[in-house]
Q: 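Sharing a structure here in structure tokens format.
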Amino acid sequence: MSTNGQSSASHAPPIKPVALVPTNNVSTGDGFTVRARIDPTLTVDDVVKQLCVNLKIKEPPANFALRDETDELVTNDNLRKKIRAKVNLKLVNSPSREARETADKLNQRNDRNIKLTLFSLQKFIREEQFAQEFINHNGLAELVSVIYSTNGNTLAYALTAMQNLLELDYGWANLDDIFIFKIVQILSSPHSLINVCRPATAILKKLVEADPISAPGPLLASSSKALPSAPPGSVYRYGFSVVFEQMRKEKGLLETVVSRLGSADTAMAQYSMMLINSLLSHASDARWEEFISELERLNVRKAVVRLMSLHIMEDLTSCILDFQANIIRVTYRKKTTLVDPDSEVTHAAALDYIWKSSTLEEQRDENGQSLKWRKLGFDTEDMVQEFSEVGVLGLDCLKKFVEGDQDFSKLVLEQLSRPVERRCPIGKASNEVVELLSEHWAIFAPGYSTSTTFQPFFLDFYKVHSLATHFFLRMWSESGAASGDFTRVVALVRSQVKVALRSENVRAWHEVEHDFIEREYRSVRDRQMKELELEDDLLSKIPVRNLRAKLYKESYEFVRQQRIQCLFQGAWFVNALPQSSPRDIPRRPGRPWRFMRLDTGMKYLHYVDSAVKFPVRNGLEDLPERIDVSMISEIATGTCAPPPNVLRDQNDLPPTSPFIPSPLSFSLLSAHEGSLADQIAPDQSRWADWTDGLNMLRRDGGHVASKETAGFVQALTEIGLKIKLLDLSGEMVEIPSGLVPGPPPTNTDFFFSELI
């Protein structure tokens, strides 16, 4: 390497670089600039050493490093890229030296310079060499002390630095309950600035996710067993239980977080939604019911439904779909949790409320047995057995149904006034509606959600249940049903549920109400008869429904494995232009193509940017750069367009207008770094493979983004179901011993043409 020194004020003509060796400007801290011909085969340490020699710097070269104008550290991985792009460089303190000085400045706490120190710390703390030295120099304790004692923008900078530090897998295992409670207090305060609340929310989210079960390691199955405890010194020692204990001390925290879903600041709403999703995904068994009850009390579902209707919240799409998937898990857990009035106070209280709302007096039969629950439409007095198929979900639905009907007692008396065989069994009908809605929304098992669109009606599960149960009672009356017609009325309600809840992402709530309240029995029955001509009634039987649920889980897992295999194989994409970036400045000028591949440990997406596509070898040798998968908080779709200066071949990229987002685009978003990658897939299949593969890679199961993947899961389920039914019913098929000729044709006015 050679240098040609000149002061920054000099106007000497630039020296042309030697052929094949790019020239870079290198600035020093005292304002001196040199033009350096850097050999791309050298290491960064060698380049720094030669610069120090040429500039006659007496300090050890280990005290220095190179950064570009954006303060990105020059490393052996990106040195060639910096040389090739002729990036202006700066000779600055090494990360280790900068870290020691930063920790010392935090310790001295100079009010005049503290903001500038923290502002720099936000950026540098992401660098491993800086972070290690900062932690070793007691920097974490100094940063915590700053958080305890500052406010306003200074606090915002300190919290953002802590947020970035928590992205490391080491160094913060000694954060204690006092610190967590401080973050909780900051979030709870109505006076906290938005730029303070954003990093505070992200910190709490990270601590929730840092439980032993989330420790890095291979994960190909959709579930894993929890570790008993974290290894000594591991940062994976917190989790939901630790954080929630501090949250319980500040009663208004959850209410504040839910209220911020309606914030005009989209990023604040997104951070709040991500925190809620993390809490839902990691809730411990011990506090699960308490946490879920508090969220329900705060009407979090209503807040999310409101977000669904706001088109300005496009950045929240992935978070909302994650929330839907989490609520499906909550619903499934309630459905599979047995009602136990003898040991669960809340279950006994709900049953007591239902009974008292009926205003009936308990009676007994001639054998002295109670008729209490049979009067409300159950088959027996054993509530554990009656709710065995729908669990606590069924009990909650019946309670909500009673709460929402001021004339519930009249409804009960109306049924009791009829002959026994003509009474509609209210309790039994309510439970059957729960089953029908669970079937409609595919509530089969936790972690298996394939919905690719918003489901606002699902989030109003209890309200839909009340409407459908009233519809059940009305159909019973209008059809003149008797006790033996229960399954016939169930079939009517199933048919109407499909119609009323169709296309729920685009239909208004009043249309659902109209379908359940205004539809007459005759029109429902006529439509159902037409449907029966096309369907096999066998598919509605309970054993077949259970079989479908089992096959659905197997199909989902099969598709999940296939998608992740696609990530292992890798693929070429176009480097796209995000909507938020300047329209005439491509992110990777001159290198429009990117090949990405997931490593076998599933920790990093390795990639290379190139001017042309080339055969990429197996392994990671051709892929020098990488993205940490754990940094990806959201996979947003339809977010970017191809750069205007990229000449697109029709076989490589579907045509689209400049600056209009491509439907095959996706962005890998980080909670605090913005977009990590903006790509456009060559076709719909590749787009589905990667967007859904990355979502399914997440430990909480994520959500399915493409209709193609959702369709695969459904198709495999239906094919498997038909094969299983053939196995079950094949022995009952009568095989004829011979063929009986049919009658002759009515006319012979036809001919066969010979194919040549």
Side-chain angles (χ1 to χ4, degrees), residues 219-220 222 270 273-274 277 314-326 447-455 505 555-579 593-599 602 604-607 627-642 652-654 656 661-671 674-715:
L219 179 69
L220 285 175
S222 59
Q270 184 178 19
M273 178 67 80
M274 291 168 68
N277 281 332
E314 291 181 1
D315 292 341
L316 284 167
T317 297
S318 183
C319 290
I320 292 174
L321 291 175
D322 283 345
F323 179 80
Q324 276 183 186
N326 279 321
Y448 296 95
S449 172
T450 56
S451 173
T452 62
T453 58
F454 293 162
Q455 294 179 312
N505 61 313
S555 300
Y556 185 97
E557 187 59 32
F558 176 82
V559 174
R560 180 176 181 273
Q561 297 290 345
Q562 182 272 331
R563 293 298 193 235
I564 292 176
Q565 286 298 322
C566 291
L567 304 188
F568 288 152
Q569 293 175 9
W572 282 102
F573 300 92
V574 167
N575 281 322
L577 196 64
Q579 286 180 287
W593 296 102
R594 171 174 292 186
F595 185 91
M596 293 198 297
R597 174 180 290 153
L598 179 69
D599 67 357
M602 294 188 289
Y604 298 100
L605 276 175
H606 295 257
Y607 68 91
I627 297 170
D628 189 337
V629 172
S630 66
M631 296 283 287
I632 302 172
S633 61
E634 179 184 357
I635 296 93
T637 57
T639 53
C640 38
D652 290 328
L653 189 67
T656 183
S662 167
L664 299 182
S665 65
F666 63 92
S667 296
L668 308 183
L669 304 181
S670 169
S675 178
L676 302 174
D678 301 285
Q679 314 300 144
I680 298 179
D683 51 54
Q684 178 68 29
S685 178
R686 192 69 48 82
W687 181 86
D689 287 343
W690 278 73
T691 55
D692 290 331
L694 289 168
N695 266 312
M696 290 172 156
L697 188 65
R698 293 158 55 179
R699 291 181 179 269
D700 60 2
H703 65 270
V704 171
S706 73
K707 293 181 180 179
E708 180 176 299
T709 297
F712 282 160
V713 174
Q714 295 294 343

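This is a predicted model, so every value here is computed, not measured. Numbers here simply count residues along the sequence, with the first being 1.
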Q: Quick check: does any side chain N or O of Q270 sit under 3.5 Å from a backbone N or O of L316, one acting as donor and the other as acceptor?
A: no
Q: Could you measure the distance from the CG atom of D628 to the CG atom of L605? Nearest 0.5 Å is fine.
A: 9.5 Å
Q: Considering non-hydrogen atoms only, spot the tightest contact between M274 and C319 and give its length.
A: CG-SG, 3.5 Å
Q: Can you measure from CZ (F712) to OG (S555) and round to the nearest 0.5 angstrom?
A: 12.5 Å
Q: Going by heavy atoms in the side chains, are W690 and R563 under 4.5 Å from each other?
A: no
Q: Is the backbone N or O of H606 less than 3.5 Å from a side-chain atom of R597, with the two atoms forming a donor-acceptor pair by type?
A: no
Q: Please test T637 against W687 for side-chain contact (heavy atoms from CB on, under 4.5 Å), starting from the C-alpha separation and ending with a verdict.
A: CA-CA 9 Å; T637 57; W687 181 86; 3.5 Å; yes
Q: For the residue pair I320 and F454, what are the closest heavy atoms and their distance?
A: CG2-CE2, 3.5 Å
Q: Do the non-hydrogen side-chain atoms of D322 and M273 ever get within less than 4.5 Å of each other?
A: no
Q: Can you measure from CD1 (I680) to OG (S665) and round to the nearest 0.5 angstrom?
A: 5.5 Å
Q: Between D678 and F666, does a side-chain contact (heavy atoms from CB on, under 4.5 Å) hold up when you go through it step by step?
A: CA-CA 6 Å; D678 301 285; F666 63 92; over 6 Å; no
Q: Does Q565 reach the side chain of Q562, with side-chain heavy atoms less than 4.5 Å apart?
A: no
Q: Determine whether Y604 and I627 make a side-chain contact, defined as any pair of heavy atoms from C-beta on separated by less than 4.5 Å.
A: no
Q: Nearest 0.5 angstrom please: L567 CG to D599 CG, how far?
A: 11.0 Å
Q: Under the side-chain contact (heavy atoms from CB on, under 4.5 Å) criterion, do C640 and S662 qualify, and how do the steps go?
A: CA-CA 6 Å; C640 38; S662 167; over 6 Å; no
Q: For a quick check under 3.5 Å, do N277 and N326 share a side-chain donor-acceptor pair by atom type?
A: yes
Q: Tell me if a side-chain donor or acceptor on Q684 pairs with a main-chain N or O of P663 at a distance below 3.5 Å.
A: no
Q: Quick check for you: to the nearest 0.5 Å, what is the distance between Q679 atom CD and T691 atom OG1?
A: 13.0 Å
Q: Test F595 against every option in F573, W572, Y607 by the ring-ring contact (aromatic ring centres under 6.0 Å, His included) rule and name the one that passes.
A: W572
Q: Closest approach of R560 and M696, non-hydrogen atoms and distance?
A: NE-O, 3.0 Å
Q: Taking the side chain as C-beta and beyond, is there a heavy-atom pair between I635 and L668 under 4.5 Å?
A: yes
Q: Taking atom CD1 of I632 and atom CG of L694, what is their separation to the nearest 0.5 Å?
A: 5.5 Å
Q: Could you check whether any side-chain N or O of R594 sits under 3.5 Å from a backbone N or O of N575, counting only pairs where one atom can act as donor and the other as acceptor?
A: no
